[in-house]
Amino acid sequence: MKQKAKKLTAIMLAVTAILTSLSLVFLGGGDLSVFVRAQAADAESVLTFKKDNDRLYVTDCDTSASGVLTIPETYNGETVYGIESGAFDGCTEITEIVIPAGVCGIGFDEDDNGYYSGYFSDCTSLQTITVDKNNSHYSSVDGVLFEGPKLLKYPPCKADKSYTIPSCISCICQYAFEGSNFLEEVAIPSSLEVIYELVFQNCKALKKFTVEDGGKLSIVEHPFDGFIFDGCDSLEEIKFSPNTCLCYFSEKSIYFANLKSLKNITLPAIFPYERKISDRAFAGLQNLENVEFLTIDGCSAVTSIGDSAFADCPKLKSVILPDSITKMGEGTFWGCSSLENVNIPSGLEEIPDYTFCESGITQIEIPEGVKKIGIDAFAGCTMLKSITFPDSVTEIGTFAFCECTKINGLNISKNVEKIDDFAFAATVSSEYINVDPENKNYSSVDGVLFNKEMTELINYPAKKAGDEYIVPDTVTRVDTFSFVGCDNLRSITFPESVVLIDCEAVESCALLNDVYILNRECEIADYDSTIDSGAVIHGYTGSGAEEYAKKYDRTFVALDAHVHTPVEMPAVVPTCTVSGLTQGQKCSDCGEILVEQKTVPAVGHTEVTDAAVAASCTSPGKTEGKHCSVCSEVLIAQKTVDAFGHRDSDGDGKCDVCGAALHPEKCRHICHSENKAAKFFWKIICFFDKLFKTNRFCSCGISHW
């Protein structure tokens, strides 16, 4: 009963849809196509079909569809003929699509030119596409969809990390690998003939793309559709074959600057249309390390490189440019701080402005044929050690070698006609600049660069030996940055012939102490940095030199002032109690103090203790004292302690302290009398002596109380 109810409901809905469609046609609201919404079980319940010109197409799928989706062989008794573009938009849960034998058209266009747009584009969980083996138009191998020799679709969620295009395939259609989640490496056989645009769009895991040598592959790009590798954020290596043809229908002949992970790229020899590497083609790639240009029989078709093509690639180490290149844009390798190996093509006539500015090159050979070196062409190349100019060079631009801090010397060839201002400014390791004697525009004397007539001093090498330099008296002008970073110089003399010292002419000379300006009327550019702030300026009273010194707080010494005759004022050595003086200097003529003597404090006493001496019975003693060991001054005087005399309290004739014999028989004093009255009287005397603590000495040396 339930089965009959479901069948009846489906029939009623189908009839309603047909009647609605017919009513739209008759009312002018539709065409002759018939739209029906499948209501049957399984795939038919989520698919929408369209009948057009007697052929039935799948036009839509419910986005709730998931797992394996099998497209029915027939619907309502009619064979399913095709699948329209976008039929599976938003179906993110389908893991497998099974295509029946009767399907003959999938997202096709009538011109059959390989532009299959949008089918399966949103099926992000799709792991495999299976085609009935009896289908005469399409096939599948290992879950990949083919149409004869064309690869149509690689499932986005196919788990394999690498894939090699079968050798029988000649074409990869548009969007074929779009959004592949796991694919890291794709190998292209020599049999492949064409790849259309956006083939690898948003392949986030793709790391390596390799084209096998041999064959002739064309990669078609269009400015309105996009780049073959758009969104391939993990792509590290691209290797084209020599015969790969990059067919761009825009001014951007070749452009890879969106590939932020790219490390290595090998470019083909074939460049159609403009035969150019476009402006900023690789600019800003932070991981790019190596670029190789392939050749066919030693030749490449690329003839030009656009502005900033490799600019700001900080890890770029090596680029070998083919000799077919005759033109390079401005700033080609600007900011490539790790660049070690690069050549200048032999067909190049100009090294443009900023070409190698702030790059890491250590040496470079400019080939014969190059005529001009542009503005800032090598500026800031702090690792560049040497460079040689061929005879073909006629012009060196402003700041061309500015701040090339390791160049130890420069040789200017005979045909150089123009060296712009500041071309060699701050080449702080240079020891010499030598000019070919046959040069008609420039000259050098002892390694210093001048114009031919030596009226203009252009550059004094920063590391030139010697601590003093006297500018030749032919010079009338000293150029900007003439003396920059000249750390050996202590003195510079500008003779009377010099009428102009230009801005920043003498700057950052660490040891420079004296600058002599002998022309009273010499014009000094009105900048604080024209003359190094550490230098004393010597000039005449009322001169431009004095005016400059006062304005910019420089020490000024007048050359026409009284000349002092210095004499030494000897130093005075300090003593323990009296301060001294340092050595000074004064003028013997006018008495002016030239070097002031400074007070040296007294050094103070060095105390030594004088030990106390104990008194004895017969010898006096001394108390402890102190004196200075340097000047011998008594600091604490010693005092005399009287001898305390012998004592014989028991009358045995010997001293109680030292035991000396006292010989009382020789003493006639009362203390030795045998008379009883005298002894009694003596005892009374001793009593009072002891009472009042009075020592009484006998001539015999005995001390009695």
Side-chain angles (χ1 to χ4, degrees), residues 246 248 251-257 265-285 288 290-295 298-314 316-381 384 387-390 392-402 404 418 420 423:
L246 301 175
Y248 282 71
E251 293 181 358
K252 293 182 177 180
S253 300
I254 184 166
Y255 190 78
F256 293 91
I265 185 166
T266 303
L267 294 168
I270 299 175
F271 283 76
Y273 308 110
E274 292 186 3
R275 304 172 69 186
K276 173 185 178 182
I277 303 290
S278 70
D279 295 350
R280 303 190 63 79
F282 297 90
L285 294 183
L288 186 64
N290 296 289
V291 177
E292 180 182 358
F293 287 80
L294 297 175
T295 60
C299 299
S300 173
V302 62
T303 58
S304 66
I305 299 178
D307 293 346
S308 303
F310 298 95
D312 299 319
C313 295
L316 184 62
K317 296 179 180 179
S318 176
V319 180
I320 305 301
L321 301 174
D323 285 338
S324 59
I325 293 175
T326 58
K327 182 180 179 181
M328 292 171 64
E330 294 183 359
T332 301
F333 297 101
W334 191 348
C336 296
S337 55
S338 298
L339 188 63
E340 298 173 355
N341 186 21
V342 66
N343 64 303
I344 297 176
S346 59
L348 209 64
E349 293 188 358
E350 177 183 355
I351 299 176
D353 299 348
Y354 314 104
T355 299
F356 295 99
C357 183
E358 298 180 6
S359 70
I361 57 173
T362 58
Q363 60 182 7
I364 196 145
E365 182 178 349
I366 299 178
E368 187 69 37
V370 172
K371 297 179 180 179
K372 179 181 178 180
I373 298 173
I375 297 170
D376 283 283
F378 294 90
C381 292
L384 183 62
I387 191 162
T388 302
F389 302 107
S392 58
V393 172
T394 61
E395 182 177 348
I396 301 173
T398 303
F399 293 117
F401 294 91
C402 177
C404 291
K418 183 180 179 182
D420 285 340

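For reference, positions follow the sequence shown, starting with 1.
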Would you find a donor on one side and an acceptor on the other, under 3.5 Å apart, between the side chain of [X] and the backbone of [Y]?
X    : Y    : result
D312 : G335 : no
R275 : A301 : yes
T394 : K371 : yes
S324 : S300 : yes
T332 : A309 : no
D376 : D353 : no

Taking atom [atom1] of [X] and atom [atom2] of [Y], what is their separation to the nearest 0.5 Å?
X    : Y    : atom1 : atom2 : value
Y354 : S359 : OH    : OG    : 15.0 Å
M328 : T326 : CE    : OG1   : 11.0 Å
I305 : L321 : CD1   : CG    : 4.5 Å
I375 : I396 : CD1   : CD1   : 13.5 Å
N341 : I361 : CG    : CD1   : 11.0 Å
L339 : K317 : CG    : NZ    : 11.5 Å

At their closest point, which heavy atom of [X] faces which heavy atom of [Y], and how far apart are they?
X    : Y    : answer
P345 : I325 : CB-O, 3.5 Å
G374 : A400 : O-CB, 3.7 Å
S392 : P367 : OG-O, 4.1 Å
C299 : A269 : O-CB, 3.9 Å

Sequence neighbours excluded, which residues qualify as side chain to side chain contact (heavy atoms under 4.5 Å, CB included) partners of [X]?
X    : answer
T266 : K239, E292, L294
P314 : Q286, S337
A257 : Y255

Knowing that exactly one of W334, F256, F333 qualifies, which makes a ring-ring contact (aromatic ring centres under 6.0 Å, His included) with F310? F333
Measure the shortest side-chain to side-chain distance between [X] and [Y] over non-hydrogen atoms and say whether it is less than 4.5 angstrom.
X    : Y    : result
V319 : F293 : yes
F356 : L384 : no
I277 : L267 : yes
D420 : E395 : yes
F282 : L316 : no

